[in-house]
Number of protein chains: 2
Amino acid sequence: MQNQIETFLERVEQCKSLVELNAVVAGLRDIFQVNHVVYHSVNSLGEPYALATYDQEWAEYYESEALYRVDPVVLGAFQRFHPYNWKSLDWEKKTARQFFQEAQDGGVGNQGVSVPVRGPHGEFALFSISHTCSDEAWARFLSVHMPDLLLIGHYIHASIRALEFPGEDGSYVVLSPRETDALRLLGAGLNRGRAAEQLKISEHTLRVYIESARSKLNASNTTHAVAKALAQGLINI
Amino acid sequence: MQNQIETFLERVEQCKSLVELNAVVAGLRDIFQVNHVVYHSVNSLGEPYALATYDQEWAEYYESEALYRVDPVVLGAFQRFHPYNWKSLDWEKKTARQFFQEAQDGGVGNQGVSVPVRGPHGEFALFSISHTCSDEAWARFLSVHMPDLLLIGHYIHASIRALEFPGEDGSYVVLSPRETDALRLLGAGLNRGRAAEQLKISEHTLRVYIESARSKLNASNTTHAVAKALAQGLINI
DNA sequence: GATAAACTCACCGGAAATGGTGAGGGTGAT
DNA sequence: ATCACCCTCACCATTTCCGGTGAGTTTATC
């Protein structure tokens, strides 16, 4: 089994097209003996990407109704780091219970596990496996395969990014130290006056940094510049 | 070897204190037969955390000189997803070459590999291994252990977060759908007028959402609110 | 040694965001 | 059914930000 997974990771890495990757990933169902395998990006802007073995009907319904807004699997992903069992989520709310029922009817298994994957440019994706079985059987599956799932999620994500954005290896925007300082302080909630004070420069000068950062980042205002810098990992708050 | 790593991951998960974790992680040197093992958070605000087997002298010098501002390993981390060989970084610049020399003198190996780890609340950390050997030997090491390193970095990060912030499992701030919409559009560069237009509501109403989001996030202005929401994974751009 | 980029400072007018206060209807939960 | 929270709309005065234009010094790279 461990050998199969290693081979799988290598095949994922070597995929030359998204179609090929799709087929390879679908093959996970045989390796793990589960019903469904899903990878999808969770960015609200930009082109969403999804790769799923679900029935098309369910996938279209999910998309058309924007169910990610109530799906506890997606909502929970934002706060989690390690792979998480769907059973550990909050299914108490009315909308969540209703969603679960609809998902069942749509062919999604009663068990599932998801791996949050976070990338350098603000990307956020989920790799999930779903199955139909008892709680005990599922717990046994997870206790064995959690680490594998983490690896698989990351490899799939890397492969998809590499295929979708071939030239993305290097850095995009490079901010100067002062520009970085400026955006970092603004992102931390200081206004221009305070930020300038903190950096021991005049507010006029600070403005120059903000503007040059804005132009480098192709941002329409300060908030946008800070958001882009954050999303691209140029600053951290 | 593979067995040793599995055992190591289990021990990391079960650590009851940071001191214990420190000792367990240092044990990686024996498992991999390398000189140094390092984990450190890279957040510019908040309490930095570091766990390293480097000489204390070098660690203190690095900290006091704020060398993370020129360290290509740190700078490169922001743009990368998969574990990366230090050799693949840009060492051409004058400051970088000088830093490399100083690091050598400080006892850091000539080879190294780092794993970027991104967490749910904007955390960003680096797990690194450094060693002294030939390029060929290092390439062989990496070709075998890249996946292991990815796993180890994530497990250490999870363990540290669990020990430092015991009650952090649940969610922090919950934004309403409209609040999320508002911050998302503002983070995408729209001004209040355009954002309101997009959401088909009056600008007055939009302002209410911004203000309530600001108060929930304890943010001092719109830019701060968007930055916090981004860092906490409440919105994506 | 030239060229580019970063860092520093300054003015002005118009545009946009903020803080405070108020109000009504809808929905979900205890 | 009451409480809390969400969605929607409005005014006013003040603070802050934006866009354009200009210019001198230092540092780094070719």
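By convention in this document, chain letters (A, B, ...) are assigned in the order of the sequence lines, proteins followed by strands, and residues within each chain are numbered from 1.
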So does [X] get a side-chain nitrogen or oxygen closer than 4.0 Å to the phosphate oxygens (OP1/OP2) of [N]?
X         : N       : answer
Arg207(B) : dA16(C) : no
Arg192(A) : dC17(D) : yes
Ser202(A) : dT8(C)  : no
Arg178(A) : dA6(C)  : no
Thr205(B) : dC9(D)  : yes

Please output the side-chain donor-acceptor pairs of residues 102-112 of chain B that fall under 3.5 Å, not counting sequence neighbours, one pair per line with the distance.
residue   : atom : partner   : partner atom : Å
Glu102(B) : OE1  : Tyr61(B)  : OH           : 3.3
Glu102(B) : OE2  : Tyr61(B)  : OH           : 3.3
Gln104(B) : NE2  : Val108(B) : O            : 3.4
Gln104(B) : NE2  : Gly109(B) : O            : 3.1
Asp105(B) : OD1  : Gln101(B) : NE2          : 3.3
Asn110(B) : OD1  : Cys133(B) : N            : 3.1
Asn110(B) : ND2  : Cys133(B) : O            : 3.2
Gln111(B) : NE2  : Cys133(B) : O            : 3.2
Gln111(B) : NE2  : Asp135(B) : OD1          : 2.6

Check your understanding: Hey, what's the ring geometry for Tyr68(B) with Tyr62(B), parallel, tilted or perpendicular (30° and 60° as the breaks)?
Key -> tilted
Which part of the nucleic acid, if any, lies within contact of [X], taking any heavy atom under 4.0 Å across all strands shown: a base, the sugar-phosphate backbone alone, or nothing?
X         : answer
Arg194(B) : nothing
Ser215(B) : nothing
Lys216(B) : sugar-phosphate
Ser212(A) : nothing

Review point. Does Phe127(B) have its ring centroid less than 6.0 Å away from the ring centroid of His40(B)?
Key: no
Point to revise | 5′-ward residue of the pair Pro177(B)/Asn221(B) relative to DNA chain D | key: Pro177(B)
Revision key, fill the gap. 5'-most contact on DNA chain D (nearest-nucleotide basis), Ser176(B) vs His204(B), goes to Ser176(B)
Check your understanding: Any ion pair linking Glu123(B) and Arg161(B) (charged N to carboxylate O, less than 4.0 Å)?
Key -> yes
